[in-house]
Amino acid sequence: MLPIPAEELNGSGTLGPYWTFYRAVVAEQLNRWLPSRPSVLLDLSGGRGRWSGQAAKAGHQVIEVVDFRRALEGQPKLRDADRVRQVRADDLGFLPDESVDAVVAEERVMSIELMAESAMKDVARVLRPGGRALVCVDSLVLGMAILAEQNYWQHLRQTGEVMLVPWPDGSITRCFSSGQLRELLTGVGLQVEWVRPRTVLSPSTVDHVLASDTRAMAWLVRTELDTHPDDGDTVGIHLVASALKP
């Protein structure tokens, strides 16, 4: 899969069918990953409500951390809002040790959080033994593509180090190899269950299949999630991992 141009990454470009497919993959992956019994879930995905609402609808109690720089006004109304508690905070100091059963860190939150080691240490602290974390990050493939687009060729050789990538909008993202993502998780005492690209099907493949049969979306999503790629870095703009606290 070729890297997607940076201007497409917010879903506002020409890849509408692909982003519809991408969001369906994320939703189904979370559905499969969520605890089988009602649990306390911590959502660090940025206060957008999508994943909190899905977890609440599945019967879980959710603590959704809203970035202190993000205003709560204008947030979409959550379904099952009685199961979701929104908290404005820039760290997890308000939670006691071993107080949640699962943590969802979607929306590339650990790439936007440049001090990811500190944030993951806090995640491990609040997880109960046997609890799990689902983490999504920007991949090294994406970072190299963005650097190349901006003609930062000299930085492309630094693949063994932490890669901080400036975006055209002035923000900075931290990109990970699969090995670096594993180290991030094991470094705070978590056991990695799996690491994989978020998607391996290319935008052109998705577009071709959906153009032939719009009813094929469910089949595409199943195909994606039933694929078991190795954890190399040759495909995928984002990496996703599941980790367990012993």
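L239 and L244 end up in different hydrophobic clusters when Ile, Leu, Val, Met, Phe, Trp and Tyr side chains are linked at under 4.5 Å.
With contacts defined as side-chain heavy-atom distances shorter than 4.5 Å, the pair L44/V103 qualifies. Considering only heavy atoms from C-beta on, W167 comes within 4.5 Å of T173 through its side chain. In this structure, the side chains of L210 and V206 come closer than 4.5 Å at one or more pairs of heavy atoms. F94 is listed as a side-chain neighbour of V87, based on a closest heavy-atom distance under 4.5 Å. Between E107 and C136 there is no side-chain heavy-atom pair separated by less than 4.5 Å. In this structure, the side chains of L225 and V25 come closer than 4.5 Å at one or more pairs of heavy atoms. Two residues are said to be in side-chain contact when any heavy atoms from C-beta on lie closer than 4.5 Å; R23 and E28 fail this criterion. The shortest side-chain heavy-atom distance between L42 and V104 does not fall under the 4.5 Å cut-off.
If you take NE2 on H238 and OG on S111, they are separated by 7.5 Å, rounding to the nearest 0.5 Å. Here the straight-line distance linking atom CD of Q86 with atom CG of D43 works out to 9.5 Å at 0.5 Å rounding. We find the CE-CG distance between M110 and L181 to be 10.5 Å, quoted to the nearest 0.5 Å. The CZ atom of F176 sits 9.0 Å away from atom CG of D138, with the distance rounded to the nearest 0.5 Å. The distance from atom CD of E113 to atom OG of S118, rounded to the nearest 0.5 Å, is 7.0 Å. Considering CG of L92 and CG of L127, their distance stands at 10.0 Å, rounded to 0.5 Å.
Of the listed residues (T205, T199, D207), just one forms a side chain to side chain donor-acceptor pair (under 3.5 Å) with Y18, and that residue is T199.
Ion pair K121/E117 not flagged as a salt bridge, since none of the NZ, NE, NH1 or NH2 atoms sits closer than 4.0 Å to an Asp/Glu carboxylate oxygen. Between R32 and D226 a salt bridge is recorded (basic side-chain N to carboxylate O distance below 4.0 Å).
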Give the table of side-chain donor-acceptor pairs shorter than 3.5 Å for residues 183-195, with sequence neighbours excluded, one pair per line with atom names and distance.
from, atom 1, to, atom 2, distance (Å)
T186, OG1, R182, O, 2.9
E193, OE1, R132, NE, 3.0
E193, OE1, R132, NH2, 3.2
E193, OE1, S242, OG, 2.5

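The closest donor-acceptor contact from the side chain of T223 to the backbone of W219 lies under 3.5 Å. Side chain of S39 to main chain of R37: a donor-acceptor pair is present (N/O by atom type, distance under 3.5 Å, no hydrogens or angles). Side-chain atoms of Q61 never come within 3.5 Å of backbone atoms of L41 as a donor-acceptor pair (strictly under, hydrogens ignored). The backbone N or O of I63 lies less than 3.5 Å from no partner atom in the side chain of R85, so there is not a single donor-acceptor pair.
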Trace of the salt bridge (Lys or Arg N to Asp or Glu O under 4.0 Å) decision for R198 with E106: CA-CA 11 Å; R198 171 54 39 92; E106 276 289 354; 2.8 Å; yes

